[in-house]
Amino acid sequence: MTLIEFRNVSFVHQTGVTALTDVSLSIGKGETVAIVGENGAGKTTLVRHINGLLKPTKGSVLVEGKDTRETTTATLSRKVGIAFQNPDHQLFSESVENEVRFAMKNFGFGEDLIAQRLDWTLKFFGLDQYRKSSPLVLSGGEKKRLTLACILAWDPDVVVLDEPTVGQDALQKEKLGQIFKLLQSTGKTIIIVSHDVEFLWPIQPRLVVMSGGKVVADGQISQIMGNRELLEGARVTQPQLLRLYQGLASRPATPFLDVLEARDWIGGRKQKPEAR
Amino acid sequence: MSNTASIRRGPGNTLASIDHLSFRYPDSPNPAVRDVSLEVREGEVVLLAGPSGCGKSTLLRCINGLIPHMYPGEYKGGVTVGGLKVAETPMSTLAQNVGLLFQNPENQIFMFSVERDIAFGLQNLSVPREEMRSRVDETMRLLGITALADRAPHELSDGQKQRAALAGVIAMRPKLIILDEPTSLLDPKTALEVVALIEKLNRELGITFIVVEHRLELLIPIAHRLVVMDNGSKVMDGAPQEVLADGRAEGYGVGIPPVAKLYSALSKDGIRLPKVPETPEEMAEELNGL
Amino acid sequence: MYWLSGGFVFRKVISPFHRLDPRAKLLVSMEFFVLSLLSSTVVEVILILVAILLVATVAKSLRRIARTIAFSGLFAVFIFAINFLFGLGLLNALLYSVRFLAIISSTSVFFVTTSPDELEQIMKWMRVPRDVVFAFVTAVRFIPVVMLDAFQIMDAQKSRGLEFEKGNVLKRVRNLVPILIPLVVNSVIRSGELAEAMESRAYGSTPKPTSLYGMRLRWYDVAVAVPSLLLVSAVALVVVFHVTLYI
């Protein structure tokens, strides 16, 4: 079922700069989609169309079949939660719990529901011990998790993550990876904007490559990542495990998705069919 | 605790020496840096890794003098750069020896055009105009940004901003440049270009680099050394391949690139490759030769 | 709003007027300013306005200045109405409102053609203390950056269901809190980083910093400055001291 649809969307900023040109894209319920492309390719502009922060100059964006022009960002946000890149651009409350409550109050949730969801979210994200602390004293990784908690608290159908791994160390990335898997298992539609190809590769999302305001490729990540010429144009690099796979004389039919798969294959425990 | 693994290339004499350094910020109960000793030699590219909050940023500020000159606190031990004792040398002198570039180039460009910004540090050092002109031009040529001389900050792409900010540091001709997560905001290809630039400056001008970066796979190919910090202390120090191949690194929260992880895993299985691979291509070749 | 605000923002253009020494540009702008104040009839002010538009044409910035005039036109109408209602007469009311337009566009000519770097030079030349000049320069430099911050914060909070336009006055004021707090926090973080970067580049280490560019008057600066100054002085003498020329 199509949840989000971009129909020939173009967007021109007030300054006269064209940010999107004729973008068509449809995202189904429960899909995991990664958007990659050079700095300034239009990824963030695209994402801002999904909850109506920006309205197309030409074409239209439909969420659950409804044109974003005919509704408000507040209404759309109830369905589409966007976690922006910089936590400092949104944290403002005197305590972590009030920070999480903020959106639920805006959406008119009842007190009981708020309390219940607050408990669940803080525990899920490992932030329970900071309940009464100011968000400003949290570490970078904790702030990032708090911004995600703020969004998941109201349980949107679509979760959009803008560069979730920037500035995060290996342990924090691992935690993000786990959260990611859990979200996928609950059937959420996930859209992730990222430069971090090593983070994206094991997730194996559908990949949308943007360059110069256009969608230049859209498909399965392992297929697109094999096309070096295309990646070059969008200033994306190949993940290490794919590069290794391409260099091997004897290799399985499909690339290694993680270190474990590669280890098994090389160690002779070939669980994957060999390439012909 | 430090790893005594051999250093791959042996650059020149000691340029920076950190001697049993500890530092505690006045408002914190625990020291941010604990008894760290580290020698950096001329011409080295040293990669500094470790989890967030492990004391990397504090250590960087101790090397360039922001600590203790701008941030006083409980300071024990000492740092020497190019024969100068950091704690006793004024910032103006230190600035000509150690350059520091932070993550966000936006906050390091003060002027309205690239060339004037490159001149900013030189103005502060009272460099005469003719010399300033030639040093600015030379720096722009070196970084390939001559065409951007008149551009305002908002007319630059992210990669160009990073280059412009680096130019401002290079124009002061420091022997040592410290980079704090220089590529985290850049797309992969632009990040690789910045890495190539670091390599070029190191090779052609012999500038020594200390680089903090979470995406190790980007910098491993050009690094001579990898130092790992955890909880304020230096816990590992050695040739990058060997530190990565050492099982402890992962435990310290260092982002081990997939190829290095695979190498360690294969070693455990008894598959020994001729040498620790730097790139996936190198690893593939080694495996093909088995 | 965006379209109108452009009237005082510098734009990079290559024109004979832009090439003038910033002091010459300041002088020209001030001359128009003084002339507008001295003028006593509507016809005179309109002549001055035409002259300003001519200069704007030479500076290839006619559209910018036109914007300024369009923008201040609203205020001019207001000034006209007030003066007229208070019984100053049609001609006087008209004079004041047109004079207002002339004053605004004379300053606009200066700001549209003078880069922030040139403003800095002028301030230095006027012996404004270095720290003040630097504070001014960084403020101007970071206005667009902070504005971008503000937009991003607004987007983030709108995405959390915040509706600015909803509710009574009190509610609307309270709606600003989620915007203002992150904006202040970010500005504090930013200024901390700026301070570190300044310190790392030896700011303040010498009482006499040098600069990459100096201001030097060239022949065409003089060619613009001297005759125009003579002309304005002559007008001023005639108007202020009623000096009569016997020709």
What part of [X] lies closer than 4.5 angstrom to a heavy atom of chain C: side chain, backbone, both or neither?
X: B:P153; answer: side chain
X: B:M132; answer: both
X: B:L94; answer: neither

Roughly how far, to the nearest 0.5 Å, is CG of B:L125 from OG1 of C:T206?
-> 8.5 Å

Looking at OG of C:S200 and CG of B:L66, how far apart are the two atoms once the value is rounded to the nearest 0.5 Å?
-> 4.0 Å

Modelled atom types, side-chain donor and acceptor of B:Q123 and C:Y203, under 3.5 Å = no

What are the two closest non-hydrogen atoms of C:E196 and B:M70, and how far apart are they?
-> N-CE, 3.8 Å

Heavy-atom nearest pair, B:V127 first then C:T210, reads O-OG1, 2.6 Å

Pairwise side-chain contact, B:E155 with C:K12, heavy-atom cut-off 4.5 Å (strictly under) = yes

At a 4.5 Å cut-off on heavy atoms, which part of [X] comes close to chain B: side chain, backbone, both, or neither?
X: C:Y213; value: both
X: C:P116; value: both
X: C:V145; value: side chain

Judged by atom type as modelled, is there a donor-acceptor pair below 3.5 Å linking the side chain of B:R129 to the main-chain atoms of C:S211?
-> yes

Determine which residues belonging to residues 105-120 of chain B lie within contact range of chain C, meaning some heavy atom pair is under 4.5 Å apart, and list them by number or answer 'none'.
-> B:E106, B:N107, B:Q108, B:I109, B:F110, B:M111, B:F112, B:S113, B:E115, B:R116, B:D117, B:I118, B:A119, B:F120

